[in-house]
Novice: 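Below is one structure. I have some questions about it.
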Amino acid sequence: MTNWLFLPCSTRPNGNSLALARAAAAYLPAGGRAEWFDLATPALPRFADLRASGGHAAPAGRLAELAAATLAADELVIASPVYWYGLAGPGHEMLDHWSGWLEVPQMRFAATMRGKRLWLISVRADPTHGSQAPLEDVMRRTARWMGLRFGGALHGLGDAPGEVLRDAEALARARGFFAAPEE
Ligand SMILES: Cc1cc2nc3c(=O)[nH]c(=O)nc-3n(C[C@H](O)[C@H](O)[C@H](O)COP(=O)(O)O)c2cc1C
């Protein structure tokens, strides 16, 4: 059984990035089990950098739920709108918390994350060629730095909620997306 953890990052309900992630999730490889953890609602607690004071403790509450789901996952799928050429805030907040979790020895976060696979699904409004590239680059570098494999990036176009479902190219790619990981 492969555990797929979908991490929607949009700050609005039923947005495009969630719709595209659902379209891809409909074609999970056999033996996959999907779990969804909304990073935006309810909001994650704000990260604070306590590394210099050794103040990072094991996560509690919603963060503990997220950490448990993350550590249990084989495949991590970040589904985010493009915000200012990058990841939407809730997704960024999660990555910031990863930095805290790396400081908590009993979590064995770095060792447990190594070898898992990270995927990116994004939707943006700007059709300019390459405008999704900075976000994809961040995710590829994040994967490499964390010792994760990068599964691939699926990008769609849309602005009003649901508009991405008219992006025929993205929907066609969604079908085989998870079946053909890059790494
Ligand atoms: C704060 C904010 C920043 C945005 N920045 C970008 C951007 O840099 N490039 C882009 O193409 N679209 C940008 N957009 C448009 C969204 O990416 C687009 O509406 C997308 O479909 C939203 O996805 P969602 O429905 O999953 O939230 C931005 C939207 C918001 C609200």
Side-chain angles (χ1 to χ4, degrees), residues 3-28 32-49 62-63 65-66 69-70 73 75-99 116-145 148 150-182:
N3 288 324
W4 291 79
L5 179 62
F6 287 84
L7 298 159
C9 303
S10 175
T11 59
R12 62 182 180 181
N14 297 313
N16 287 314
S17 47
L18 181 63
L20 187 56
R22 283 185 175 146
Y27 298 91
L28 272 195
R33 191 182 60 195
E35 184 183 348
W36 296 76
F37 192 105
D38 190 341
L39 296 176
T41 313
L44 297 177
R46 173 61 59 84
F47 171 77
D49 182 0
R62 186 147 178 84
L63 278 180
E65 290 169 22
L66 175 59
T70 303
E75 314 276 344
L76 299 157
V77 185
I78 293 188
S80 181
V82 173
Y83 276 6
W84 295 104
Y85 303 98
L87 197 59
H92 211 280
E93 194 77 60
M94 178 190 71
L95 294 182
D96 290 352
H97 282 292
W98 285 13
S99 295
K116 296 182 191 295
R117 208 183 267 126
L118 185 70
W119 303 77
L120 171 65
I121 294 179
S122 89
V123 180
R124 69 193 189 283
D126 179 0
T128 307
H129 179 74
S131 68
Q132 80 290 354
L135 169 58
E136 184 175 326
D137 187 50
V138 163
M139 298 316 302
R140 286 180 183 278
R141 287 172 188 268
T142 297
R144 201 174 312 137
W145 190 82
L148 303 164
F150 191 74
L154 171 65
H155 301 290
L157 269 180
D159 199 4
E163 210 173 270
V164 74
L165 297 175
R166 297 208 297 264
D167 182 343
E169 200 180 319
L171 291 181
R173 265 208 78 209
R175 262 177 234 131
F177 181 54
F178 291 130
E182 287 181 20

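First listed ligand is number 1; within each ligand, the first listed atom is number 1.
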Novice: Taking only residues two or more places apart in sequence or in another chain, which ones pass salt bridge (charged side-chain N to carboxylate O under 4.0 Å, His left out) with Asp49?
Specialist: Arg51
Novice: Before you tell me yes or no, could you show the steps for Phe6 and Leu28 under side-chain contact (heavy atoms from CB on, under 4.5 Å), namely the whole-Å CA-CA distance, both residues' side-chain angles and the distance that decides it to 0.1 Å?
Specialist: CA-CA 12 Å; Phe6 287 84; Leu28 272 195; 4.1 Å; yes
Novice: Trp4 and Glu35: side chain to side chain donor-acceptor pair (under 3.5 Å), yes or no, with the steps?
Specialist: CA-CA 6 Å; Trp4 291 79; Glu35 184 183 348; over 6 Å; no
Novice: Run the side-chain contact (heavy atoms from CB on, under 4.5 Å) check on Leu171 and Leu20 step by step: do they pass?
Specialist: CA-CA 7 Å; Leu171 291 181; Leu20 187 56; 4.2 Å; yes
Novice: Is it the case that the ring center of Phe150 lies less than 6.0 angstrom away from the ring center of Trp119?
Specialist: no
Novice: Could you tell me, for ligand 1, which of its N or O atoms are under 3.5 Å from any protein N or O, listing the pairs and their distances rounded to 0.1 Å?
Specialist:
residue  : atom   : partner : partner atom : Å
ligand 1 : 5 (N)  : Val82   : O            : 3.4
ligand 1 : 5 (N)  : Trp84   : N            : 2.9
ligand 1 : 8 (O)  : Trp84   : N            : 3.0
ligand 1 : 8 (O)  : Tyr85   : N            : 2.9
ligand 1 : 11 (O) : Ala125  : N            : 3.1
ligand 1 : 11 (O) : Asp126  : N            : 2.7
ligand 1 : 12 (N) : Ala125  : N            : 3.3
ligand 1 : 14 (N) : Val82   : O            : 3.3
ligand 1 : 17 (O) : Val82   : O            : 2.8
ligand 1 : 17 (O) : Val123  : O            : 3.4
ligand 1 : 19 (O) : Asp159  : O            : 3.4
ligand 1 : 19 (O) : Asp159  : OD1          : 2.6
ligand 1 : 21 (O) : Asn16   : ND2          : 2.8
ligand 1 : 21 (O) : Gly158  : O            : 2.7
ligand 1 : 25 (O) : Arg12   : NE           : 2.8
ligand 1 : 25 (O) : Arg12   : NH2          : 2.9
ligand 1 : 25 (O) : Asn16   : N            : 2.7
ligand 1 : 26 (O) : Asn16   : N            : 3.1
ligand 1 : 26 (O) : Ser17   : N            : 2.8
ligand 1 : 26 (O) : Ser17   : OG           : 2.5
ligand 1 : 27 (O) : Ser10   : OG           : 2.6
ligand 1 : 27 (O) : Arg12   : NE           : 3.4

Novice: In Å and rounded to the nearest 0.5 Å, what is the CG to CE distance from Leu87 to Met139?
Specialist: 6.0 Å
